[in-house]
Amino acid sequence: MESPRRAAAETHIIALPFPAQGHINPMLQFSKRLVSKGLKVTLVTFIDNELTKAKHGSVVVESISNNSEENFKISTMEDYWRNFSSLVRQKLSEIVEKQGESCCPISCLVYDSIMPWALDMARELGVAAASFFTQSCAVSAIYYHVYKGRLNIPTDVDLVSLEGMPPLESCDLPSSACGLEKNCPAMISLMSDQFSNVGEVDWILINTFNELEEEVMNWMASQCPLKLIGPLIPSKYLSKRLELDDSEYGLSLFKPRTNSFMQWLDSKEASSVVYVAFGSLASLEEKQMEDIASGLKLSNYNFLWVVRESEENKLPKNLMNETSEKGLIITWCPQPEVLAHKSVGCFMTHCGWNSTLEALSLGVPMVAMPYWSDQTTNAKFVADVWRVGVRVKVNEEGIVTKEEIEMCIREVMEGESSSILRRNSEKWKMLAQEAVAEGGSSDKNVERFVAEVTCNIT
Ligand code: UDX
């Protein structure tokens, strides 16, 4: 009989993230954990730049340049998915053929859950399949209810009661917006369709951990078998023993213009900086950018604000001259590195699931300022369930005013609830580290997945 280690070394996984930063990051971290357990992993990305060509531990990255730009000049979401899925199908078979000739053949496709059609491709290739969810268990459960026809988003009910969750107001449910479009049914279909074939998939993996979402996880597990395998953030921030050769930027789609911000952070006192970032996709209105700038100035704390290049033209023109001592605006940074810096005392975030998990795992309290998608639900949990932050209020014009921003920052930095928010943040940090440490709940789930996927092919 083959030894488990040898069987693992012959087990080859293809990891297929959706090509957006918030989807690539957790898939890359999961790939690294599988490699650390002895598996071979090829991660497929459709972005080809100097950063995707960097070394990523022993994960093999197949960057596929998308020469067929025309395919993606789209008119509708349907067209986008049709073009994208046919490109994936074509490239996957090329990779499988290439890998089969050179080394061990592919045994499993781990694909992003928002691409449920990838299950058919796994079956055509004759390999096992795992659906990989990049959102929280609570958000997944909400979309499951939508899929089952038990809940509508948007809802006309004042308070929604769902198993394993606190009562949710409509503003706590995932938003049905898509970019500037306020109500986009196609977006909700896309998300609820994650469940369209979960009965047939071999594994469901979710980037969260049992302790963080125990009640809703128990309920979800009664509906479909799942494994919680997070938090999938670079392991060097979670455990010294888990050093897995993390390159600084991961598979980054963005690049900072300078690296001077680390020195700037070094020059600041402990817990004195508000770090502000809204992920890789959010696009704020110009008026909102003005209020953020004014709110930061009014609060009078140091701030480090990530404004992606595509958003820079919305910044108030004189901002940097007035705030150069106190504030620094940058186009991108290695976010976990910044959150782990001792001078950072608060994270003003859009509550993307990765940003939320990174803050929780690094013990940084939050000002939650959600925009769309799952962020509204994440913000509810940050403020009212895990109690690691405060959530901003939006005014009638849909803006978070400068006064509100100032008040929320002050509350987290030094207000009445500040010490309890910090205590809770420390607690979740410890629990996150325990979950991924050897023998922790997520580590055991990854071990089980490895054992099962290995066993499947021997
Ligand atoms: C989106 C959704 O918003 C999110 O809720 C969903 O679950 C996944 O896809 P995004 O909006 O980009 O992603 O936010 P987030 O999930 O927070 O992911 C952003 C990633 O970019 C994080 O891992 C963060 O560390 C990284 N980042 C952000 C940087 O490395 N540097 C930066 O300057 C800003």
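Side-chain atoms are counted along with the backbone in the values below, which use heavy atoms only and exclude waters and symmetry mates. Ligands are counted one by one from 1 in listed order, and the atoms in each one are counted from 1 as well.
Taking distance alone, with nitrogen or oxygen atoms compared against 3.5 Å, Q21 stays at or beyond that limit from ligand 1. Between Q135 and ligand 1, a contact under 3.5 Å exists for no N or O pair. Residue N378 has no nitrogen or oxygen atom sitting less than 3.5 Å from a nitrogen or oxygen atom of ligand 1, judged on distance alone. In terms of polar-atom proximity, G279 is not counted as a contact of ligand 1, lacking any N or O under 3.5 Å from an N or O of the ligand.
Close contacts between ligand 1 and T134 involve ligand atoms 7 (O) [criterion: under 4.0 Å to a heavy atom]. The contact set between ligand 1 and G352, taken as ligand atoms under 4.0 Å from a residue heavy atom, comprises 3 (O), 4 (C), 5 (O), 14 (O), 15 (P), 16 (O), 17 (O). Heavy-atom contacts of H350 reach the following atoms of ligand 1: 3 (O), 10 (P), 11 (O), 14 (O), 17 (O) (cutoff under 4.0 Å). Every atom of ligand 1 with a heavy atom of C333 under 4.0 Å away is listed here by number and element: 29 (C), 30 (O), 31 (N), 32 (C), 33 (O). Residue-ligand proximity, S280 to ligand 1, at heavy-atom distances under 4.0 Å covers atoms 10 (P), 12 (O). If you number the atoms of ligand 1 from 1 as listed, the ones under 4.0 Å from a heavy atom of W353 come out as 4 (C), 5 (O), 7 (O), 16 (O). Near H23, meaning under 4.0 Å from any of its heavy atoms, are these atoms of ligand 1: 8 (C), 9 (O). Of all atoms in ligand 1, numbered sequentially from 1 with element shown, those under 4.0 Å from a heavy atom of V306 are 33 (O).
A salt bridge does not link K380 with E169: every distance from a Lys NZ or Arg NE/NH1/NH2 to an Asp or Glu carboxylate oxygen is 4.0 Å or more. Ion pairing of E311 with K314 is present here, as a side-chain N (NZ or NE/NH1/NH2) and a carboxylate O approach within less than 4.0 Å. Of the charged side-chain nitrogens involved, at least one lies within less than 4.0 Å of a carboxylate oxygen, so that K37 and D443 count as a salt-bridged pair.
Using a 4.0 Å cut-off between heavy atoms, N354 contacts ligand 1 through both its backbone and its side chain. Neither the backbone nor the side chain of A277 has any atom closer than 4.0 Å to an atom of ligand 1 (non-hydrogen atoms only).
Within the 6.0 Å centre-distance limit, the rings of W81 and F18 are counted as a close aromatic pair. Between H23 and W353, the distance separating the two ring centers is not shorter than 6.0 angstrom.
In the displayed structure, E312 atom CD is contacted under 6.0 Å by more than 12 heavy atoms of other residues, nucleotides or ligands.
Considering only heavy atoms from C-beta on, P174 stays 4.5 Å or farther from S373 through its side chain.
For F195, the ring-ring contact (aromatic ring centres under 6.0 Å, His included) partners at least two apart in sequence or on another chain are F133, Y144.
For the residue pair Q29 and S235, no side-chain donor N or O sits within less than 3.5 Å of a side-chain acceptor on the partner.
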